[in-house]
Amino acid sequence: MEARIVIDLGTATPPYEQVKTQIASLIAVGELHSGTRLPTIRSLAGDLGVAAGTVARAYKELEAVGLVTSNRRQGTVVAGSRHAQPLEDQAPPPAPEVLAAVDQLLEAGEQAGLDEKTLISLIQGRLRQRRAK
């Protein structure tokens with residue numbers, strides 16, 4: 001999955017929830033297609049610097065809502081969309097204009113020399129400011 005998942009330890013959101021939400025979002029926007037094999041629990045945990053139990057919990061919760069399936073032979077793979085139930089806290093798939101705006105933000109951030117973690121932190125900070133109003 002090539003570093004498309006980023007864990008922010010400075011937020012109140014538990015790491016397993018961050019993993020779960022980010023994988024669900026990648027599925028929702030079509031970045032992860034049905035049948036795509038996810039990294040092993042140990043591999044993803046090592047890449048993210050979290051405990052294997054953190055990733056295992058995220059995978060288990062994704063499986064519970066039908067977004068992924070797991071078995072010993074194939075590992076964890078993205079399920080077909082007809083079996084998936086929406087996550088309670090997950091928004092519906094974003095509209096194309098929202099994705100275009102996100103792409104513009106990413107491009108502007110890259111041009112400014114910002115890394116992924118900084119961009120995510122900026123967005124989270126702005127969201128907190130909006131909620132506080």
Side-chain angles (χ1 to χ4, degrees):
M1 286 189 337
E2 306 169 8
R4 288 187 257 176
I5 297 176
V6 178
I7 300 298
D8 180 3
L9 298 175
T11 183
T13 305
Y16 82 89
E17 185 72 33
Q18 292 179 51
V19 173
K20 179 182 85 170
T21 301
Q22 289 178 54
I23 291 174
S25 295
L26 290 169
I27 293 169
V29 299
E31 287 290 317
L32 294 175
H33 303 283
S34 177
T36 301
R37 185 178 294 181
L38 299 181
T40 65
I41 290 170
R42 287 183 186 172
S43 173
L44 185 56
D47 290 347
L48 298 175
V50 297
T54 298
V55 176
R57 181 171 179 185
Y59 280 10
K60 182 178 179 181
E61 291 192 12
L62 288 166
E63 187 171 17
V65 295
L67 290 177
V68 302
T69 60
S70 297
N71 65 52
R72 289 187 187 267
R73 190 172 283 172
Q74 288 185 317
T76 303
V77 296
V78 176
S81 60
R82 68 180 192 273
H83 300 296
Q85 301 169 357
L87 290 175
E88 293 173 13
D89 58 353
Q90 181 185 348
E97 57 270 14
V98 173
L99 289 175
V102 170
D103 288 339
Q104 288 177 329
L105 170 67
L106 294 173
E107 189 172 314
E110 288 172 0
Q111 289 176 356
L114 302 176
D115 63 12
E116 286 181 32
K117 287 186 179 185
T118 303
L119 278 171
I120 290 169
S121 294
L122 285 170
I123 292 168
Q124 289 174 332
R126 295 297 283 178
L127 286 170
R128 282 191 288 272
Q129 286 176 344
R130 288 180 143 213
R131 284 187 212 128
K133 289 182 180 179

Enquirer: What's the separation between atom CD1 in Ile7 and atom CD in Gln22, rounded to the nearest 0.5 Å?
Expert: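 Ile7 CD1 to Gln22 CD: 5.5 Å, rounded to 0.5 Å.
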Enquirer: Drop me the distance from Asp47's CG to Thr40's OG1, to the nearest 0.5 angstrom.
Expert: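 Rounded to the nearest 0.5 Å, the CG-OG1 separation comes out at 8.5 Å.
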Enquirer: Any heavy-atom pair between the side chains of Leu48 and Thr54 that's under 4.5 Å?
Expert: no
Enquirer: Is any side-chain heavy atom of Leu62 less than 4.5 Å from a side-chain heavy atom of Ile23?
Expert: yes
Enquirer: Quick one: pull up CG in Leu119 and CG in Leu114 and give me the separation to the nearest 0.5 Å.
Expert: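 One finds 5.0 Å between CG of Leu119 and CG of Leu114.
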Enquirer: I'd like to know if Leu26 and Tyr59 are part of one continuous hydrophobic network [Ile/Leu/Val/Met/Phe/Trp/Tyr, side-chain heavy atoms within less than 4.5 Å].
Expert: yes
Enquirer: Around Glu107, counting heavy atoms of other residues, nucleotides and ligands shown, do more than 12 lie under 6.0 Å from its CD?
Expert: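 Atom CD in Glu107 is not packed in, count stays at 12 or less.
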Enquirer: Tell me the salt bridge (Lys or Arg N to Asp or Glu O under 4.0 Å) pairs involving residues 50-60, sequence neighbours left out?
Expert: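 Listed once each, the pairs are Arg57-Glu61.
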Enquirer: Could you check Leu44, Val55, Val78, Val77 and say which one makes a side chain to side chain contact (heavy atoms under 4.5 Å, CB included) with Leu38?
Expert: Val78
Enquirer: Compare every heavy atom of Ala79 with every heavy atom of Gly66, then report the nearest pair and how far apart it is.
Expert: O-CB, 3.2 Å
Enquirer: Say whether, by atom type as modelled, one donor and one acceptor occur between the side chain of Arg37 and the main chain of Gln74 under 3.5 angstrom.
Expert: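 Pair found, side chain donor or acceptor close to backbone of Gln74.
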Enquirer: Can you see which heavy atom on Tyr16 is nearest to which on Ala58, and at what distance?
Expert: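 Looking at all heavy atoms of both residues, the shortest contact is O-CB, 3.4 Å.
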Enquirer: Give, for atom CD of Glu31 and atom OG1 of Thr36, the distance between the pair rounded to the nearest 0.5 Å.
Expert: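 One finds 10.0 Å between CD of Glu31 and OG1 of Thr36.
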